[in-house]
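Comments concern the structure below.
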Protein chains: 2
Amino acid sequence: MYERKIERHYCCGLEITTEIIGGKWKPTIINLIHEGIIRPSDLQRAMPLASRRAINIQLNELQEHGIIEKKIYPVLPPKVEYTLTEFGTCLLPITLAMEEWGNKYRERFNKLLELKKEEASQ
Amino acid sequence: MYERKIERHYCCGLEITTEIIGGKWKPTIINLIHEGIIRPSDLQRAMPLASRRAINIQLNELQEHGIIEKKIYPVLPPKVEYTLTEFGTCLLPITLAMEEWGNKYRERFNKLLELKKEEASQ
DNA sequence: ATATGTAGCGCAAAATTATGCCCTATTGGC
DNA sequence: GCCAATAGGGCATAATTTTGCGCTACATAT
């Protein structure tokens with residue numbers, strides 16, 4: 001475990017929220033679990049750009065923060081399922097809104113990117 | 001400017017949204033500008049934990065992404081004001097919800113932190 | 001003369017986050 | 001016997017983000 005050198009301050013709400021959903025893949029994981037993709041291997045297939053390791057770490061942190069719950073089935077090969085807690089469910093309005101907002105403004109964003117590329121090439 | 005070594009993929013909306021509001025101080029800046037704190041020096045006073053440098057960088061990025069607009073008054077000493085664009089205003093439901101969520105669950109979060117500390121000390 | 005307030009960039013270092021590789025363990029299929 | 005799939009941890013490294021220090025420039029106040 002990495003131990004912070006600079007202590008975090010949780011003065012405003014935003015600092016708490018970003019502590020919890022700030023990880024690169026966390027909002028995605030929350031949304032996917034909400035969609036019913038609840039087994040680690042399925043999550044990995046749903047996020048091919050994230051490494052297995054990265055996903056495991058994010059899952060552990062989400063669990064520590066009480067956002068998701070882990071059910072281990074005592075079978076072989078191992079079977080694990082994650083579900084949103086009622087606390088985690090409260091986050092959905094935010095994570096889903098983030099997903100929506102990004103999709104809504106994708107074109108605008110892409111145009112901006114192209115503009116930048118042109119500038120860079122000149 | 002830092003140049004990415006690994007190209008970002010903007011497949012899902014979340015990746016676009018986090019690219020834009022992912023910076024440590026960006027959601028805070030957006031909310032503060034919305035509250036009327038629009039001059040760089042006032043923003044710095046409102047975020048004493050953020051360095052001047054950090055705030056400047058985040059402001060530049062927000063501007064590049066079309067979230068805020070910069071008005072430079074040709075006076076001395078210099079005067080600058082930032083305002084949300086109509087595009088940036090669309091982000092408020094998200095950033096304000098994040099602030100609200102964190103405040104709502106602050107106690108729960110703090111209890112979790114204390115629990116962790118106890119565990120760590122044993 | 002000197003300090004303060006305004007705004008902001010360059011550069012290097014520090015802090016943090018994310019990844020890649022290798023390891024364990026067991027069942028079932030070929 | 002060997003490979004794939006299941007789940008996940010340890011460790012070192014790479015990538016990225018954030019900070020700190022120093023610098024510019026001018027006007028006003030002390």
Side-chain angles (χ1 to χ4, degrees), chain A residues 1-10 14-15 18-29 32-33 37-65 68-83, chain B residues 1-9 14-15 18-29 33 37-65 68-83:
Chain A
M1 263 285 278
Y2 176 75
E3 208 161 317
R4 278 217 145 57
K5 288 178 189 168
I6 293 175
E7 223 190 319
R8 276 241 179 139
H9 296 255
Y10 303 106
L14 267 169
E15 288 168 308
T18 54
E19 168 79 13
I20 290 180
I21 60 166
K24 185 168 177 183
W25 306 101
K26 282 181 191 169
T28 310
I29 289 175
L32 286 174
I33 291 180
I37 299 174
I38 60 178
R39 295 189 61 185
S41 49
D42 291 333
L43 286 168
Q44 280 157 18
R45 270 186 286 271
M47 298 183 281
L49 294 171
S51 68
R52 288 150 18 73
R53 189 86 188 83
I55 295 174
N56 283 337
I57 292 172
Q58 312 267 306
L59 283 170
N60 282 341
E61 288 176 5
L62 285 170
Q63 204 194 336
E64 275 176 41
H65 284 138
I68 59 176
E69 256 167 357
K70 180 179 185 175
K71 286 181 200 159
I72 304 176
Y73 294 86
V75 294
L76 273 172
K79 178 174 173 182
V80 166
E81 286 180 351
Y82 290 97
T83 46
Chain B
M1 264 283 279
Y2 177 75
E3 208 160 318
R4 279 217 144 60
K5 288 179 190 169
I6 295 175
E7 222 189 320
R8 277 241 178 138
H9 297 254
L14 267 168
E15 287 167 309
T18 54
E19 167 79 13
I20 289 180
I21 61 166
K24 185 167 177 183
W25 305 101
K26 282 180 190 171
T28 309
I29 290 175
I33 291 179
I37 299 173
I38 61 177
R39 295 189 60 184
S41 48
D42 291 333
L43 286 168
Q44 279 157 18
R45 271 186 287 271
M47 297 183 280
L49 293 172
S51 67
R52 291 157 9 77
R53 189 83 188 87
I55 296 174
N56 283 336
I57 292 171
Q58 312 267 305
L59 283 170
N60 282 341
E61 289 177 4
L62 285 171
Q63 204 194 334
E64 275 176 42
H65 284 139
I68 58 176
E69 255 167 357
K70 180 179 186 176
K71 286 181 201 159
I72 303 175
Y73 294 86
V75 295
L76 276 171
K79 178 174 175 182
V80 167
E81 286 181 351
Y82 290 97
T83 46

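Side chain A/Arg53 to base D/dG8: no donor-acceptor pair is found below 3.5 Å.
Of the inter-residue distances, the one linking A/Lys24 atom NZ with A/Ile29 atom CD1 reads 12.0 Å to the nearest 0.5 angstrom.
Distance, B/His9 NE2 to D/dA15 P: 14 Å, rounded to whole Å. In this structure, A/Arg52 places its CZ atom 11 Å from C1' of C/dG20, rounding to the nearest Å. Residue B/Ile6 contributes atom CD1, which lies 17 Å from atom P of D/dT13 at whole-angstrom precision. Computed from coordinates, the B/Ile68 CD1 to C/dA7 P distance equals 13 Å when rounded to whole Å. With rounding to whole Å, A/Gln63 atom CD is found 14 Å from D/dG9 atom C1'. We find that CD1 of B/Ile55 is positioned 12 Å from C1' of D/dT19, with the value rounded to whole Å. When rounded to the nearest whole Å, the span between CG of A/Asn56 and C1' of D/dG10 equals 13 Å. Taking atom CD1 of A/Ile72 as the reference point, atom P of D/dG9 lies 10 Å away to the nearest angstrom.
Minimum interatomic distance between B/Tyr82 and B/Ile68 (heavy atoms only, all atoms of both residues): CD2-CD1, 3.6 Å. When all heavy atoms are compared, the tightest approach of A/Arg8 to A/Arg4 is NH2-NH2, 2.9 Å.
Residue A/Tyr82 places no side-chain N or O under 4.0 Å from the OP1 or OP2 atom of D/dA7. Distances shown here put every side-chain N or O of A/Lys70 at or beyond 4.0 Å from the OP1 or OP2 atom of D/dA7. At the phosphate of D/dT18, OP1 or OP2 sits under 4.0 Å from a side-chain N or O atom of B/Gln58. An OP1 or OP2 oxygen of C/dA14 is reached within less than 4.0 angstrom by no side-chain nitrogen or oxygen of A/Arg4. Residue A/Arg39 places at least one side-chain N or O closer than 4.0 Å to OP1 or OP2 of D/dA7. For the OP1/OP2 pair of C/dT6 and a distance below 4.0 Å, the side-chain nitrogens and oxygens of B/Ser41 include at least one atom meeting the criterion.
If you check C/dT16, C/dT19, D/dT18 against the side chain of B/Lys24, the one that comes closest is D/dT18. Of the candidates C/dA18, D/dA7, D/dT19, D/dA7 carries the atom nearest the A/Val80 side chain, counting heavy atoms from C-beta on. Considering only side-chain atoms of B/Ser51, the nucleotide from D/dT19, C/dA18, C/dG8 that sits closest is D/dT19. Picking from C/dG5, C/dG8, D/dT6 the nucleotide with the shortest atom distance to the side chain of B/Pro40 gives C/dG8. Among the nucleotides D/dG9, D/dT6, C/dA18, the one closest to the side chain of A/Trp25 is C/dA18. Each of C/dT26, C/dA18, D/dT6 was ranked by its minimum atom distance to the side chain of A/Leu76; first place goes to C/dT26. Closest approach to the A/Ile57 side chain among D/dG9, C/dT19, C/dA15 is made by C/dT19 (side chain taken as heavy atoms from C-beta onward). With distances taken from any side-chain atom of B/Tyr2 to the nucleotides D/dC26, D/dT17, D/dT19, the minimum falls on D/dT17.
Taking the side chain as every heavy atom from C-beta outward, B/Leu59 and B/Leu43 approach each other to under 4.5 Å. Side-chain contact between B/Glu81 and B/Thr83: absent, with no pair of heavy atoms (C-beta onward) separated by less than 4.5 Å. Between B/Asn56 and B/Gln44 there is a side-chain heavy-atom pair separated by less than 4.5 Å.
The nearest heavy atom of DNA chain C to A/Gly22 and to B/Lys79 marks one nucleotide each, and the one closer to the 5' end goes with B/Lys79. Each of A/Asn60 and A/Pro78 has a nearest nucleotide on DNA chain D; the 5'-most of these lies closest to A/Pro78.
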